[in-house]
Enquirer: 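This is the structure I have questions about; it appears just below.
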Number of protein chains: 2
Amino acid sequence: MTRNAAEQPPASPQTPSRREQILGAAAELFARYGFHGVGIDDIGAAVGVSGPALYRHFRSKDAMLGEMLTGISEKLLRGGRARTASTANPAEALESLVRWHIEFALTNSALITVHLRDLDSLTEPDRHRVRELQRGYVEVWVRTLLTVRPELDEDTARASTHAVLGLINSTPYSARLDTGTMSALLHRMAMGALGTEPRPR
Amino acid sequence: MTRNAAEQPPASPQTPSRREQILGAAAELFARYGFHGVGIDDIGAAVGVSGPALYRHFRSKDAMLGEMLTGISEKLLRGGRARTASTANPAEALESLVRWHIEFALTNSALITVHLRDLDSLTEPDRHRVRELQRGYVEVWVRTLLTVRPELDEDTARASTHAVLGLINSTPYSARLDTGTMSALLHRMAMGALGTEPRPR
DNA sequence: CAACGTTGTTAGTGATCGTTAACGTACTTA
DNA sequence: TAAGTACGTTAACGATCACTAACAACGTTG
């Protein structure tokens with residue numbers, strides 16, 4: 001039986017760089033023009049091959065978006081869990097979450113944009129999975145926030161979380177300050193929005 | 001000469017309700033599926049007529065999006081200017097801007113979503129016009145913010161503005177609290193993010 | 001060397017979709 | 001009543017686009 005290269009990424013240790021190169025280029029294009037606004041030929045051209053060559057690496061255009069968004073969502077959740085698990089102090093955990101999301105947003109602004117924009121272009125199973133991961137990530141935030149500020153009810157904590165994530169995710173629309181300054185600014189603003197005083201140093 | 005109904009909205013006083021009804025339905029659909037993800041037939045079905053009947057009211061699908069986004073941008077800018085013009089005290093003006101944007105976002109969440117998402121699907125002249133209006137609106141914020149906090153440089157003020165707008169624009173992703181509570185929460189968080197209270201040190 | 005898997009090419013196919021054409025109908029008005 | 005206008009309808013056209021078919025070059029390996 002002939003192995004189809006367009007299936008799941010090989011569980012083998014060595015990941016062929018080509019898939020990720022394609023996903024990277026596709027992410028930039030999707031971020032700029034939207035999933036439906038980008039053609040297969042455009043993506044191919046962006047990586048130096050033309051058109052249907054991509055089907056040697058991905059089953060379909062939908063599969064590209066699916067892998068892209070599930071990948072980012074898993075990474076985000078994993079990072080969030082790691083930050084909160086490694087910190088006993090809740091206030092520090094919250095600050096750690098803020099730092100994590102800022103770092104992530106500044107490093108992967110194209111993916112953030114696609115994530116906000118083209119979630120509904122996913123196939124049903126992929127969309128379901130991504131929503132689940134998203135929910136999990138928000139839940140990490142909500143639980144941490146509720147520990148720090150027990151006077152909040154859960155819906156308020158959830159809305160606050162969405163608001164702070166929206167604040168940090170605004171990065172792709174700014175990007176005029178250098179990374180360090182931007183990171184510090186977002187950190188200060190996020191903590192201010194969450195109503196926690198900047199921790200004395 | 002036969003007057004073409006698909007031209008500019010009649011300068012006459014009475015605006016036919018049909019155009020706005022169509023724009024409203026289209027906004028909801030665009031918000032949910034993206035501009036390229038919605039067909040003309042879908043929009044028609046949403047208002048009870050089927051398909052090409054819309055060309056009696058709009059020159060093209062692009063024209064719908066164009067009118068939608070220039071409309072919202074103009075309204076936003078006009079409202080922003082009005083709020084700042086009617087207030088002498090800068091701190092109050094800033095708070096007024098926050099309140100205005102919150103009210104606007106809560107009332108027009110579909111349009112906010114489309115505005116963030118499908119700006120690049122506009123035709124070149126429309127996109128140019130919308131960008132201009134956007135820039136003007138941000139400028140109102142930046143100037144007000146710089147008056148309240150003169151220690152900020154302009155780029156920081158601009159990035160802060162984008163961040164606060166991102167915070168408020170997160171509304172479409174939450175929407176679990178009732179309007180009043182949500183409005184109050186966003187107001188508190190926005191002001192906190194802007195650091196209006198005296199900063200220690 | 002021969003068989004094969006990998007990765008690319010170009011040409012074509014079927015579906016979708018925005019748009020136009022041709023036509024029908026009801027309401028207003030001279 | 002006749003003409004005109006507003007607002008629909010269905011059918012078809014043309015372009016775009018995701019995807020497939022058929023084929024080729026090349027490195028690896030038995």
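Lettering follows sequence order; numbering is per chain, from 1.
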Enquirer: Just jot down the side chain to side chain contact (heavy atoms under 4.5 Å, CB included) partners of B:T123, sequence neighbours excluded, or say none.
Expert: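 Applying side chain to side chain contact (heavy atoms under 4.5 Å, CB included) to B:T123 gives B:D62, B:P125, B:D126.
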Enquirer: Provide, to the nearest angstrom, the distance between the CG atom belonging to B:L65 and the P atom belonging to C:dG18.
Expert: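 My rounded result for the distance is 13 Å.
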Enquirer: Checking B:D153 now: which residues fulfil side chain to side chain contact (heavy atoms under 4.5 Å, CB included) with it, not counting sequence neighbours?
Expert: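 B:D153 satisfies side chain to side chain contact (heavy atoms under 4.5 Å, CB included) with B:D155, B:T156 once adjacent residues are dropped.
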Enquirer: Could you tell me whether the phosphate oxygens of D:dG8, OP1 or OP2, come under 4.0 Å of any side-chain nitrogen or oxygen in B:R18?
Expert: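 So the side-chain polar atoms of B:R18 do come within 4.0 Å of the phosphate oxygens OP1 or OP2 of D:dG8, strictly under.
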Enquirer: Pair up each side-chain donor or acceptor in residues 183-192 of chain B with any protein partner under 3.5 Å, not counting sequence neighbours, and list the distances.
Expert:
residue: B:H187; atom: NE2; partner: B:E95; partner atom: OE2; Å: 3.4

Enquirer: Using a cut-off of strictly less than 4.0 Å between a heavy atom of the residue and any atom of DNA chain D, enumerate the qualifying residues of residues 26-46 of chain A by number.
Expert: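 Contacts with DNA chain D under 4.0 Å: A:V38, A:G39, A:I40.
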Enquirer: Could you please name the option among D:dT10, C:dG18, D:dC19 that lies closest to any side-chain atom of B:P52?
Expert: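 Nearest listed nucleotide: D:dT10.
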Enquirer: Calculate the interatomic distance between B:R19 atom CZ and D:dC7 atom C1'; express it in whole Å.
Expert: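 Computing the B:R19:CZ to D:dC7:C1' distance gives 14 Å.
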Enquirer: C:dT9 C1' sits how many Å from A:L54 CG, rounded?
Expert: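 Rounded to whole Å, this separation is 13 Å.
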Enquirer: Round to a whole Å and report the spacing from CZ of A:R56 to P of C:dT6.
Expert: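 So the two atoms are 10 Å apart, to the nearest Å.
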Enquirer: Tell me, please, which residues at least two apart from B:R131 pass salt bridge (charged side-chain N to carboxylate O under 4.0 Å, His left out).
Expert: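 Here the qualifying residues are B:D120.
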Enquirer: Could you tell me the separation between the CG atom of A:D62 and the C1' atom of C:dA15, rounded to a whole number of Å?
Expert: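 Taking atom C1' of C:dA15 as the reference, CG of A:D62 is at 15 Å.
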Enquirer: Write down the distance between NE2 (A:H57) and C1' (D:dC19), rounded to a whole number of angstrom.
Expert: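 So the two atoms are 16 Å apart, to the nearest Å.
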Enquirer: With sequence neighbours excluded, what pairs up with B:Y173 under the ring pair (Phe, Tyr, Trp, His ring centres under 6.0 Å) test?
Expert: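 Applying ring pair (Phe, Tyr, Trp, His ring centres under 6.0 Å) to B:Y173 gives none.
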Enquirer: Between C:dA22 atom P and B:Y55 atom OH, what is the distance in whole Å?
Expert: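 Rounding to the nearest Å, OH of B:Y55 and P of C:dA22 are 17 Å apart.
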Enquirer: Are A:H101 and A:Y137 an aromatic pair by the rule of ring centers under 6.0 Å?
Expert: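 They qualify: ring centres under 6.0 Å apart.
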